[in-house]
Amino acid sequence: MARFQDEGGVVADGTYYVEREADHTLFERLREGRLCVVLAPRQIGKSSLRDRAQRRLTAAGITAIHVDVSVYTQADATEHWFYGGLIREITRRLDWGDSRVLADRSELPPEAWWDDFVQRELPERAGGPTVIFLDEIDSVRKLAFEPDALFTSIRLAMNRAPVTFCLLGTMTPWEILRDPKAPPFNAGVQIRLDDFTRDEARVLLPGLAPLGDAEAILDQVMDWTSGHPYLTQRVCAALVAEGSRNVAEIVDRALLQQHGDPLFAYTENAFDLYAGGSSGLELVELYGKLLRGERVAPDATSRAQLELRVTGMAAERERDGSRIVATRNRIYARHFDEPWLKRRRMHRFLAAAVAHWRESKRSRGLITGDDLDDVIAWASAQPSVSGEELDFLVASQRAAEHDRRHRAAASRRWLAIAAAITLALLLVTSFAWVSARQRAGRAGDDLDAQRRAIATLTDHIEALKTQQKNEVDSLRAQITVAQQLADSRKQANDSFQASLDKLAATLTELERTRLYDQAKSRASLTDLKRQLDAAEHAAQQSASDADVLQRQARTSAEAAARARAEADAATRQASAASDAANRAEAERASLEQQLQRTKAALDAAVARADTADASRGKAEQALAAHNQLASQLTVTQNQLTALQNDLKAYCQKLPSPPRPPCP
């Protein structure tokens, strides 16, 4: 029986694979030679979708290869390393035997090298229909340069037989091309990768059968996960592992109470990334609407909707016969709830306030009142606050304190004025009343009573002043404590930031050293390759020279043999002539003439023999030179073998994957 896939990555053999409409669509479009783009959140099955499509294409006789772009997108990667690495990896996976020739073209500018490779080299050299999967394209965010040429070349080569591309990653169409003036990368076929439907998820029923009533259990699982591939399989795996049918309990214990789950950690980081962008406030407010259950219609042009869907926190759903945008499922809504959103909203509010303060050169934008109290309470609970944010909060506190002092001083002035007016009115009233009482004959007693009233009022005014002074002193003490806490926290953050900067500098230096060593190793390999090529060329030239000398030696030996034969014939002729002279003296005159002719011929033969001897000497010298060249060739071949052995040993020490000219 198959098992559930309870972790990320490609669905392994022997585990349940749920086919979706995207499986059929992607295979058919790639078989037609169409450029395909799959942009979707993590842990939703992109890698498994790609793996299945690659297998089906291979079975259909189409060459299909997979290249992980993230291997070549280190933060300090150069353009030459990035584009050259992709080209060599593609040629290696295509098993092109002359990949070294492609590497030799690296003297071109990197973008031109890649463009020529995609526009000309691939279409011309592909032996048949070929599909290249470029996975993890979102990793290009880490590059220090703009990799727009990567996608521009692919878009220009779109639908150019026999090679086609499939791009897979977790990003929005706006992020593929960094040029702000460029339109979204909406070329090719956009493959929609939705969650499991209830009918598609029926594939999982056999795995739930041991728990009994698998249909009802699957309904409960789908009610929590809404068909999210990773969460659905993980909840099913946990149910079977514990032999439990309580889906709510398993979800709470295995997911919601766990900390550091990779899926939730990625989602939170992605949300923070997009929330800090140009549509950050709109993104935060949109998710708040979804949490409150407000109806939001899908809008393909809304950047906030696309970014929220890429984080995995939202998806299109069918409700009451129409499509809406909703929270991804109950698990996401429980984990990323209102308190979580409030913290994110506070973070976004503080970030926006600090940015406005920074842009105004710290002249305006400070917060006061209840907003300041809320932000300080939130910041106090955070594990880390940047130095600039601390400076902003301290400045806001000082401004608020100055405002409080100003209001307190104004209040004191108004109280003093009110007290003076009241006292004056009392005095006037008292004098009038005293005069009247004097005229009535009771002036003395009433004057004492009025004096006591004035003294009581004066004591009350002094008590009010003392109470207000105590309140101001208490407020100052609180502000002083808050300032001390802020300073202490700032010092701790500065110390921690300094440690981080030092560590980052150390890591940067180590990485620079590593890249230098790699570059030096590549240069050494290039020099070894050139030496090997030169030695091989010299060996071939030596062998060619030896063949020429051998042919010359054979020609000279044949000429010497012919000269010796002619000399022997002349000698025999001279002997015959001498015998004829002894037998016939009468014929002496004619014989002398014949002898002279024979002597001339003999002289010519001797000259030819001397020439042949000289040629034979040259031939012997040539043979000696040939032997010497053969000896040198043997030594050169031994050196070549040693260099090849050294190169293989050096290549074995290099990190995988190897680079040409390593075998």
Side-chain angles (χ1 to χ4, degrees), residues 8 40-44 170 172 195 223-232 234-235 238 247-296 302-317 324-355 367 370-386 389 393:
R42 293 196 181 277
Q43 302 289 16
I44 196 176
T170 305
T172 64
D195 291 335
D223 182 59
W224 276 97
T225 68
S226 298
H228 187 286
Y230 167 73
L231 293 177
T232 301
R234 182 169 177 183
V235 171
V247 178
E249 180 184 359
I250 290 295
V251 168
D252 187 64
R253 185 171 66 254
L255 290 171
L256 297 178
Q257 293 183 12
Q258 296 295 323
H259 299 285
D261 184 278
L263 174 62
F264 295 149
Y266 161 76
T267 302
E268 190 165 315
N269 291 334
F271 186 89
D272 290 341
L273 172 66
Y274 289 123
S278 58
S279 60
L281 289 175
E282 184 182 357
L283 179 74
V284 172
E285 294 306 319
L286 173 62
Y287 186 65
K289 292 180 180 179
L290 301 185
L291 278 179
R292 293 189 295 272
E294 297 182 21
R295 196 176 189 89
V296 178
S302 171
R303 186 161 189 161
Q305 285 193 18
L306 286 176
E307 291 176 347
L308 193 59
R309 290 175 59 182
V310 167
T311 66
M313 299 175 67
E316 288 190 20
R317 300 296 184 210
I324 64 168
V325 179
T327 53
R328 189 61 174 272
N329 51 46
R330 290 176 63 188
I331 296 177
Y332 271 90
R334 284 276 299 276
H335 189 278
F336 303 105
D337 53 8
E338 282 287 357
W340 178 87
L341 182 62
K342 182 179 180 181
R343 294 192 296 271
R344 270 5 192 220
R345 187 182 286 111
M346 192 65 68
H347 182 275
R348 185 66 181 85
F349 173 75
L350 178 59
V354 171
I367 55 179
D370 294 338
D371 289 339
L372 177 60
D373 295 336
D374 291 341
V375 172
I376 290 178
W378 169 82
S380 301
Q382 301 308 305
S384 63
V385 179
S386 69
E389 290 173 340
L393 293 177

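This is a predicted model, so every value here is computed, not measured. Numbers here are sequence positions counted from 1.
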With a 4.5 Å limit on heavy-atom distance, are the side chains of [X] and [Y] in contact?
| X | Y | result |
| --- | --- | --- |
| Tyr332 | Leu263 | yes |
| Tyr274 | Arg303 | no |
| Thr232 | Trp224 | no |
| Val247 | Ile250 | no |
| Leu255 | His335 | no |
| Pro262 | Arg42 | no |
| Phe271 | Leu283 | yes |

Value rounded to 0.5 Å, distance of [atom1] in [X] from [atom2] in [Y]:
| X | Y | atom1 | atom2 | answer |
| --- | --- | --- | --- | --- |
| Thr172 | Leu308 | OG1 | CG | 12.5 Å |
| Asp337 | Lys342 | CG | NZ | 12.0 Å |
| Glu285 | Leu341 | CD | CG | 7.5 Å |

Which pair of non-hydrogen atoms, one from [X] and one from [Y], has the smallest distance, and what is that distance?
| X | Y | value |
| --- | --- | --- |
| Ala314 | Leu290 | CB-CD1, 3.8 Å |
| Gln257 | Arg253 | CB-O, 4.1 Å |
| Gln43 | Tyr230 | O-CB, 3.3 Å |
| Trp340 | Tyr287 | CZ3-CE2, 4.2 Å |
| Pro229 | Asp195 | CD-OD1, 3.5 Å |

*Sub-3.5 Å donor-acceptor pair from the side chain of Asn269 to the main-chain atoms of Ala265, do we have one?*
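Judged by distance alone, yes, a pair lies under 3.5 Å.
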*Short question: side chain of Tyr266, backbone of Gly312 - any donor-acceptor pair under 3.5 Å?*
no
*From CA spacing to verdict: side chain to side chain contact (heavy atoms under 4.5 Å, CB included), Asp261, Arg234*: CA-CA 12 Å; Asp261 184 278; Arg234 182 169 177 183; 2.3 Å; yes
_One pair to check against side chain to side chain contact (heavy atoms under 4.5 Å, CB included): His228 and Ile331. What are the steps and the verdict?_
CA-CA 10 Å; His228 187 286; Ile331 296 177; over 6 Å; no
*asked:* Quick test of your reading of the model: are Glu316 and Arg309 salt-bridged, counting only N-O distances below 4.0 Å?
replied: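 Looking at Glu316 and Arg309, the cut-off is met.
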_Run the side chain to side chain contact (heavy atoms under 4.5 Å, CB included) test on Arg328 and Arg317 for me, step by step, so that the C-alpha distance in whole Å, both residues' side-chain angles and the decisive distance to 0.1 Å come before the verdict._
CA-CA 9 Å; Arg328 189 61 174 272; Arg317 300 296 184 210; 3.6 Å; yes
